[in-house]
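Below, read A as the first sequence line, B as the second, and so on, with proteins coming before strands; counting in each chain starts at 1.
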Amino acid sequence: MALKIVKGSIDRMFDKNLQDLVRGIRNHKEDEAKYISTCIDEIKQELKQDNIAVKANAVCKLTYLQMLGYDVSWAAFNIVEVMSSSKFTYKRIGYLAASQCFHESTDVIMLTTNQIRKDLSSPNQYDTGVALTGLSCFVTPDLARDLANDIMTLMSHTKPYIRKKAVLIMYKVFLKYPESLRPAFPRLKEKLEDPDPGVQSAAVNVICELARRNPKNYLSLAPLFFKLMTSSTNNWVLIKIIKLFGALTPLEPRLVYSCVHVVKYLGLLAMSKILKTHPKSVQSHKDLILQCLDDKDESIRLRALDLLYGMVSKKNLMEIVKKLMLHVDKAEGTTYRDELLTKIIDICSQSNYQYITNFEWYISILVELTRLEGTRHGHLIASQMLDVAIRVKAIRAFAVAQMATLLDNAHLLTGNMQRNGICEVLYAAAWICGEFSEHLENPMQTLEAMLRPKVATLPGHIQAVYVQNAAKLFATVLKSQEGNTDSTAAQETSQLMIDRLPLFVQSANLEVQERASCILQLVKYIQKLQQKDVEIAEEVNALFAGELNPVAPKAQKKVPVPEGLDLDAWINEPPSESESEDEQPKAIFAKEEPKHSRPRHTEVDEKELARRREARKQEQANNPFYIKASPSSQKAVYYKSHKHKIFPPCVLSFFTGLPMSDQYVKLEEERRQKERAEKKKKEKKKRKEKRSGRGKKHDSGPESEEDITPAHQVDIVTEEMPEVNSLDILYFKKSSKHKKKKQKKEKEEKEKKKKKKHHHHHHHSDGGGEESVQNGTVEEEEPLPVSVYQSSARHSVYDIQGNLQDGSQVVVSVIFENKGDSFLKSMEFNVLDSLNSKLQRPDGSGPHDGLTVPFQLPPGVSNEARFVFTVQSIIMPQKLKGTLTFIVKDSSTHEKLDFKLHFTCTSYLITTPCYSDAFAKLLESGDLKGSSVRLEGVNMPFHHLLARICFHHHFSVVERIDSCASMYSRSIQGHHVCLLVKTSGQTVSIDAKCDEPTLLGNVLDEIKQTFSQC
Amino acid sequence: MQFMLLFSRQGKLRLQKWYVPLSDKERKKISRDLVQTILARKPKMCSFLEWRDLKIVYKRYASLYFCCAVEDQDNELITLEIIHRYVELLDKYFGSVCELDIIFNFEKAYFILDEFLLGGEAQETSKKNVLKAIEQADLLQEVHTHIFSTTLIFLKKKYNPGPL
């Protein structure tokens, strides 16, 4: 047997498979018929063999030929043979062939009954699957009759894969053998509610088709379908159902209504999708959608509501809400009414009240909504009232008047049961009346309303607010009454408080009790003083002084950084590595807590900061006193309330205060007592100052009289660090340099200064778009103009990066640092364009216009701005001349700085890794032109040398063997640059290849330059 | 749906699936007639035509025409959607499908169609499920084919050491 299989296989390898056949036919276009007839002969031979694999292959080819129109009916029996194979591979082919070739008159079908039955009950679901699929194509009345029961069983198969196939094939069976319908129908109906959506849609399909043939038997299913229609999200199914209803309507006129409904429903659904992309076209159908709100069907009304949410604008908001309010009054059933209520609020408050033009109107809408009884959304209305009243200052007087009316009519609200959600509104009403009591027309009346005994039936948290705000009101009332000559009135008010408050003192709610007893004692005390004719109102008012104002989440950014504060500077000197913790005196240890090396320190800090920022955002999001960060809405709110104050920066900085620096503050306190006595400034502000001072010490050193603090600290630090370590040396060096500079500055204030800076700047590319390029040599000349007010030494550093996305774009990041003592503003950056390189300016500006630098520079502060240049050719280095103009704030003089931007060829290279095989291929290709350079007297280890080339010139090492290395880089325009670096003694030879010889020459020159400087 | 045909711009039939029992002769006649009618239509003409008592819905994708015949109460748009879904399935399975994929793997194209439509009705509307079923069935098939082909390779090496 084994031999037979092997023999079959050997024979088979000389057979054509399907692909060979197809290829053959395509190659014999002229004599296709002849070629195919030889193929058919071959197939006939193959079919005679015992090997099932060979047969299956033959049958597969026959199926293809059948499609081309050749008669293959003679092979019907062989197809059945292949179908009966126990292996899925062949069975699949067999059934496919059968489904393509068999039809009702094929006589061998009779022979398949048992085989199919066997396959249907196979434990392998795919065997069953192919059998069902095949059967669907060639089912005959006989097969239908014999297999109906088997298929019916499969309709309840555990696998949905089988169930859905079985359900679908039942339709074919019904057509061939209608008697099977009656027993199968209950099960089919059951499948309409199958948990698997595939099976469900199959059942819908079958029933739809059946109903089309004989609609009246399926009328009873209409409710079930209606339910499916409203719940299903599958469009295919929805369409089928509509079709089914279409078939049923002639018999049941009532269904016309529901059919219209279905279409309406779908229309609204579709509109809401269109709305997302084409809001305008939907808005023109506003009236139609509003009509849908009158519809009897709740699901349609809900859909229409959804749509309305998306289509409001400033113009139509009031109109839409008015319509909705009408519906609220008419609405039956609390669910829909609640839905309406939330929608109204959603619509109005969306994107931070973007569409509200009149807040008085909104407040009255909210007040009107409180008439709803039994709603669950009282708290929603309440939070809206609070939010609007706090954030829209101009509305407060109106809001307070409305809230006072609400409080007066409170008995209407509390008349119902305790759980009535609408009483939440009173929470807002009481708070608003208390907080903004200065706007009340008749505070006394409101105070009385708030102290009514019936208030005690309200939920605890509301009572607590009542009590607290009664106290606020009391303070206001006192103030107005004390102004009068009649002092008894004030005393009467106190008496009212003393009479009413005990009710709350007895409250079971802790919060209420606590507040009430506290306030009661306070009022008693006040009364005593009043009896002695002491004017007390001012002091009572002071209890609640201070205005609550909203703050935009980004408000702090708008606060200019105070003079002398450098946020980027180090608070603590970054510790040197040689320092060991044991050597540190305790005080210093506590102060200089971060003991890590510099980069690690910043990393931890950044993570920590990010986390805090996140937490803060979260907090702000939940805090109504923050305006949420949506640009358009901010405008809207600010617009309404022109005079929003922003918290002073020192208060806000509390949020960012680090515990570490707090500790630091404590430690420093003792040392700085003297200064504190002098300055009497707030603690927080001082901390900031200290920060900046510390930073300066590290960065630029003390420069002005104002910075006495850091000078002191410098002394302390040096005193407390007796060990002379590397840090100290470095530090002393620095400070001495600064001293010199300072002296020089004092003496020669009008002198021109010239600085040259070499700077290597690492940039992390943020995302895939931009690849960073470090710019090797950046030079800048800064001749400062002669000026009497010349005190603003400036200094900037820049970094040129190519944009990988666009081979002609180069981004130049410039760091501006104000080293002088004056505030600089209105900075304009301008570069004289060359033919090759141009500064990208916004549309509409001329070719010589400067770009405004988007920030101002307080003294000692640095900031970064980016400018984009378009460069046509990158093969030559370039120098661009430019000027920076700015205004010195103190003197209001216009000043000018000239500089040069040096675009080296290196800055167009991008570090690109390359594998050695790809590298070898590149060199072999012969497209690259060679060049070489020799460097003499290079006295550094080879790996340093390589690192230098990598770092300064953006190469990556491909391979290194001993004193020889291959390196690779790529330009932003895709030039390959390959280097072979060899060293012997102090001589380094670099052989280089590149597809652009000019570029290569320049890069090599730049490399040479780098090494000549060392 | 009554049947589905795939044919090339040259009028070559690439795939046919009949959901109604018809004799070979009838099938041939129908497909010949239809292919001619559709190829004669201009590209700007609509995708639907009435043909005998059927509605024909067709759409051209690159060089291939996909053509379905449905009864006159059936919805043309959903049929168009079915065609498109089938193309999407082929595309997912073959990875940007082209006519040659269907010619050389025509049995696979059938298998996919059979998982998607059954007896002319949409069987599974989820692309993911269709492809999952095909993948699993393929896996089942691969196991056999793999064992078989390893034997073959072994034998070929032994008896026919020259280049294959």
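Annotation for A/Ser136 and B/Gly119: closest pair OG-N, 3.7 Å, computed over non-hydrogen atoms. When all heavy atoms are compared, the tightest approach of B/Asp74 to A/Arg212 is OD1-NH1, 2.9 Å. B/Trp18 and A/Cys137 make their closest contact through O-SG, 4.2 Å (heavy atoms, listed as atom of the first residue, atom of the second, distance). The minimum heavy-atom distance linking B/Tyr110 with A/Gln100 is given by the pair OH-NE2, 2.8 Å. Considering all non-hydrogen atoms of both residues, A/Arg92 and B/Asp138 come closest at NH1-OD1, 2.8 Å. Scanning both residues, B/Ala133 and A/Tyr126, for their nearest heavy atoms gives O-CE2, 3.5 Å.
Both the backbone and the side chain of B/Ile82 come within contact range of chain A, each with at least one heavy atom under 4.5 Å from a heavy atom of that chain. Both the backbone and the side chain of A/Tyr64 come within less than 4.5 Å of a heavy atom of chain B. Contacts of A/Leu96 with chain B are made by side-chain atoms alone, with heavy-atom separations under 4.5 Å and no backbone atom involved. In this structure, the portions of A/Arg23 lying under 4.5 Å from any heavy atom of chain B include both its backbone and its side chain. Interface remark: A/Phe102 contributes backbone atoms only to the contact with chain B (heavy atom separation under 4.5 Å). Residue contact with chain B, scored on non-hydrogen atoms closer than 4.5 Å, involves the side chain of A/Lys172 exclusively. Heavy-atom distances place the side chain of A/Glu209, and not its backbone, under 4.5 Å from chain B. Of the atoms belonging to A/Lys159, not a single heavy atom falls under 4.5 Å from chain B. Of the atoms belonging to A/Lys91, not a single heavy atom falls under 4.5 Å from chain B. With a 4.5 Å cut-off on non-hydrogen atoms, B/Leu113 does not touch chain A at all.
Along residues 50-72 of chain B, the residues that come nearer than 4.5 angstrom to chain A, judged on non-hydrogen atoms, are B/Glu71 in order of number. Listed in order of number, the residues of residues 25-32 of chain B that approach chain A to under 4.5 Å between heavy atoms are B/Arg27, B/Lys28.
Taking 4.0 Å as the cut-off between side-chain N and carboxylate O, B/Glu115 and A/Lys164 do not count as a salt-bridged pair.
Between chain A and the options B/Asn105, B/Leu77, B/Leu22, heavy-atom pairs under 4.5 Å are most frequent for B/Leu22. Highest contact tally toward chain B, considering only A/Gly69, A/Cys101, A/Ala202, is held by A/Gly69 [criterion: heavy-atom pairs under 4.5 Å].
Residues B/Leu118 and A/Thr133 meet the side-chain proximity criterion, which asks for heavy atoms closer than 4.5 Å. No side-chain heavy atom of A/Tyr95 sits less than 4.5 Å from a side-chain heavy atom of B/Asp114. Between B/Asn75 and A/Lys240 the shortest side-chain heavy-atom distance does not fall below 4.5 Å.
Looking at A/Gln19, its side chain does come within 3.5 Å of a backbone N or O of B/Phe104 through a donor-acceptor pair. Formation of a donor-acceptor pair under 3.5 Å by the A/Asn205 side chain with backbone atoms of B/Ala122 is found in this model.
Between atom OG1 of residue B/Thr125 and atom CD of residue A/Gln200 there is a gap of 10.0 Å, rounded to the nearest 0.5 Å. Separation of atoms CD (B/Glu107) and OG1 (A/Thr63) is listed at 9.0 Å; rounding is to 0.5 Å. In this structure, CD on B/Gln123 lies 9.0 Å from CG on A/Leu132, to the nearest 0.5 angstrom. A/His103 NE2 to B/Asp24 CG: the interatomic distance, rounded to the nearest 0.5 Å, is 4.0 Å.
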Apply the test side chain to side chain contact (heavy atoms under 4.5 Å, CB included) to residues A/Val130 and B/Phe111: give CA-CA distance (whole Å), side-chain angles for both, the deciding distance (0.1 Å), then the verdict.
CA-CA 9 Å; A/Val130 288; B/Phe111 293 149; 5.8 Å; no
Verdict with reasoning, A/Val199 to B/Glu124, per side chain to side chain contact (heavy atoms under 4.5 Å, CB included)
CA-CA 8 Å; A/Val199 181; B/Glu124 178 58 72; over 6 Å; no
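Heavy-atom contacts from other residues, nucleotides or ligands closer than 6.0 Å to NZ of A/Lys176 number more than 12.
Between the side chains of B/Glu121 and A/Tyr171, not a single donor N or O lies within less than 3.5 Å of an accepting N or O.
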